[in-house]
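Step one of this worksheet: look at the structure below.
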There are 2 protein chains.
Amino acid sequence: MTISVKNVPAAMDVARLAGVSQSAVSRAFTNGASISAKTRAKVMAAAEELGYRPNQLARSLLRGRSQLIGVVLGNMENPFFPLALDTLTKQLDAHGHKTLVFTGEANQQADTSIEDMLNYRVDALILMATTLSSSLAERCQAAGIPVVFVNRISHVKRCSSVIGDNQHGARLIARHLVDNGYQRIAFMAGIETSSTSRDREQAFTDALIALGRSKPMRVVGHFNRTGGMQAMRQLLEQGDRPDAVFCANDHMAMAAIDVARYEFSLEPGKDIGVVGFDDIPQAQWPGYDLTTYSQPLHELIGHAVERVLSQINLDEAVHTVVKGNLILRSSTDANY
Amino acid sequence: MTISVKNVPAAMDVARLAGVSQSAVSRAFTNGASISAKTRAKVMAAAEELGYRPNQLARSLLRGRSQLIGVVLGNMENPFFPLALDTLTKQLDAHGHKTLVFTGEANQQADTSIEDMLNYRVDALILMATTLSSSLAERCQAAGIPVVFVNRISHVKRCSSVIGDNQHGARLIARHLVDNGYQRIAFMAGIETSSTSRDREQAFTDALIALGRSKPMRVVGHFNRTGGMQAMRQLLEQGDRPDAVFCANDHMAMAAIDVARYEFSLEPGKDIGVVGFDDIPQAQWPGYDLTTYSQPLHELIGHAVERVLSQINLDEAVHTVVKGNLILRSSTDANY
DNA sequence: GATGTGATTGCATAGCTATGCAAAATAGTG
DNA sequence: CACTATTTTGCATAGCTATGCAATCACATC
């Protein structure tokens, strides 16, 4: 029975082997430190031999910067989030930061778990979940940790945010639907408490009214597939069916298309118009070919990362809005 | 101009305020430590007032356990991975562990980035990417960090693995296709170097031969959508079209269905059989309704987590195989 | 060779918490 | 109340690295 003795070598061990001081070892691994090429070589050789790697925990403790970024994501069932995570980790990585991840929507459990991330002294927190108690954000603030919201506006003091241009998108979509002659227009909301969903709805409604139409029918899909399907059924079962639906995100729009086509034999783009929001890659799959408003993910994330990494002015909240484009596809393109 | 002084309170500050020693503060936050209810209350009150939270970096440094688990994921475009990450973080969280995540397939860049995770003294590494240099795994090993492969078998000494039953699945699929009268059967491989793809192919081929058939046609889809589409086109453009395709994962199978239906006007299940592997949620979307072999995600991840958290016997590699089921859906269900 | 200059090096300490050990407080018993 | 058994507490240290400071070195210049 062998007890595995985790005898991880420390800087001191390397120092002894290389015949130098521990400081020298530290400097050998610190970029731009004052050390001669010769000793650095000696140190590196010894380090290699022992399999030494500097302990980032100790380093972080001392420096007061952990190089860790906490990321909180919403519903992973929606392809938007994994994609966002992917680009996020890649960009952070390029700047030498690691990502501490948490997935899930807000609840008691989640809050405490996210707060645990603070104990690791994350350098910043990026919140991408659609719902999140803002008391949480406040506590992060209090802990002196910069918070950046992506795709959600928050008025917590000193929290920055990066969002797509919901107003712009909703307006373009309203105009597009009216221009194409759709008459009975519906809106499918996401999670009711989410600012994203509310903003899109508000701007959409305003634009329709400005174009001389009445308020859209309204249904709630909770930003997930099951919810989107139920909401769509609700719309199509009633007597006065809509002839076009703007869904607050692509993920629900795809669910809506499936329901229309396979449960009601309505062909999207021909019998009913469907529009989404986000322009996730799936939106252009031939089975959906969804008209939607794009959220430029790289830009969105890029701004968030920039916010997080710029040491300057983190005291002041910056709210960035990134414009996208209306992407016309066949889910509404009919010559109606 | 206010310089933001990040004056994070330490245990000593709390101790002073509460009129106790620093040890008492530490014990107040350590579960099961020897401390009276009275002093704990005093400490907690003081901690609350100052907004103190124990520094996990220092704690980890001292304890030699960081409570961090490194997770490496492959192509996030495949819904299997986000889903896996979601269940993984939730399960780890339930055990008080945080997840350090890296996404991307193997390359020089990725390797060094993953090695950086070791500097944080992660308690273990879970590797779910389909491709990964095994020299990497070896170096982790050398660093004394337990490595668990999910969905990939590796023969690196002392690395455990958890995989679905590729042989079982491939056999069932072969039998199913033959039973249903399909004649010209093809296999769409994933990434050629991946053990997963190879195992499925080998078992599939063997089973077909055992059933008196010849080796399947073969095409490579690289486990991603673009690759799957191209591979499918390749199959359908040739003179001797297959009448059934087993794709090494659902993600490619969905791409294959789209190509068949929208580019070649072939209706899956009627004109051509398509089978996948994984049973991701999308497989049951009505537009695909894919026959597939299920990989029970919760079980898979559950075993991986168990492997990672059981302190005992991490010296010995354990290889776990989780059986799934053949899920029959309309993409092959035709009365052929 | 003396002197000055800049580059390297080592010493000692800080950063924050957990824990073994001995001292002190408390509870328990007769 | 005396005395033992048990809890609770504080002291001091360890865990690993980065860095200010002073000492040392290498080197060039005169």
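Keep in mind that what you see is a predicted model, and the values were worked out from it rather than measured. Throughout, a chain's letter reflects where its sequence line sits, starting with A, and its residues are numbered from 1.
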Nearest whole Å is fine: how far is D:dT17 C1' from B:Tyr120 OH? 14 Å
Without decimals, in angstroms, what is the distance between A:Gln56 CD and D:dT17 P? 11 Å
So, is B:Arg121 close to the D:dC16 phosphate, meaning a side-chain N or O under 4.0 Å from OP1 or OP2? no
Whole angstroms only, please: what is the CD-C1' distance between A:Gln67 and D:dT17? 15 Å
Summarise how protein sits on nucleotides 6-15 of chain D as a single string, 5' to 3': B when a protein heavy atom is under 4.0 Å from the base, S for sugar-phosphate-only contact, - for no contact. --BBBBB-BB
Over how many whole Å does the gap from B:Arg53 atom CZ to C:dC16 atom C1' extend? 15 Å
Which angle, to the nearest 10 degrees, lies between the helix axes at the two ends of the helix from C:dG1-D:dC30 to C:dG30-D:dC1, each defined by five pairs? 30°
Between C:dT19 (P) and B:Arg65 (CZ): distance, integer Å: 12 Å
Main-chain N/O of A:Val318 paired with A:Ser160 side-chain donor or acceptor, under 3.5 Å: yes
So does A:Tyr52 get a side-chain nitrogen or oxygen closer than 4.0 Å to the phosphate oxygens (OP1/OP2) of D:dT17? yes
Is the phosphate of C:dT17 approached by B:Ser26 (side-chain N or O, under 4.0 Å from OP1 or OP2)? no
For the pair B:Asp123 (side chain) and B:Ser66 (backbone), establish whether a donor and an acceptor sit closer than 3.5 Å, ignoring hydrogens and angles. yes
B:Leu118 and B:Arg139, any side-chain heavy atoms less than 4.5 Å apart: no
Is there a salt bridge (charged side-chain N to carboxylate O under 4.0 Å, His left out) between B:Asp93 and B:Lys90 once you walk through the steps? CA-CA 5 Å; B:Asp93 214 85; B:Lys90 280 180 176 126; over 6 Å; no
According to ring pair (Phe, Tyr, Trp, His ring centres under 6.0 Å), who are the partners of A:Phe102, at least two apart in sequence or on a separate chain? none
Is the backbone N or O of A:Ile114 less than 3.5 Å from a side-chain atom of B:Lys98, with the two atoms forming a donor-acceptor pair by type? no
Might you confirm whether atom NE2 of B:His298 has over 12 heavy atoms from other residues, nucleotides or ligands at distances under 6.0 Å? no
Without decimals, in angstroms, what is the distance between B:Arg16 CZ and C:dC16 C1'? 13 Å
B:Gln91 and side chain to side chain contact (heavy atoms under 4.5 Å, CB included): which single residue from B:Thr99, B:Val305, B:Asp86 fits? B:Val305
Between A:Met12 (CE) and C:dG10 (P), how many Å, whole number? 10 Å
Walk me through it: do A:Val8 and B:Arg121 pass the test side chain to side chain contact (heavy atoms under 4.5 Å, CB included)? CA-CA 10 Å; A:Val8 187; B:Arg121 299 298 189 261; 3.7 Å; yes
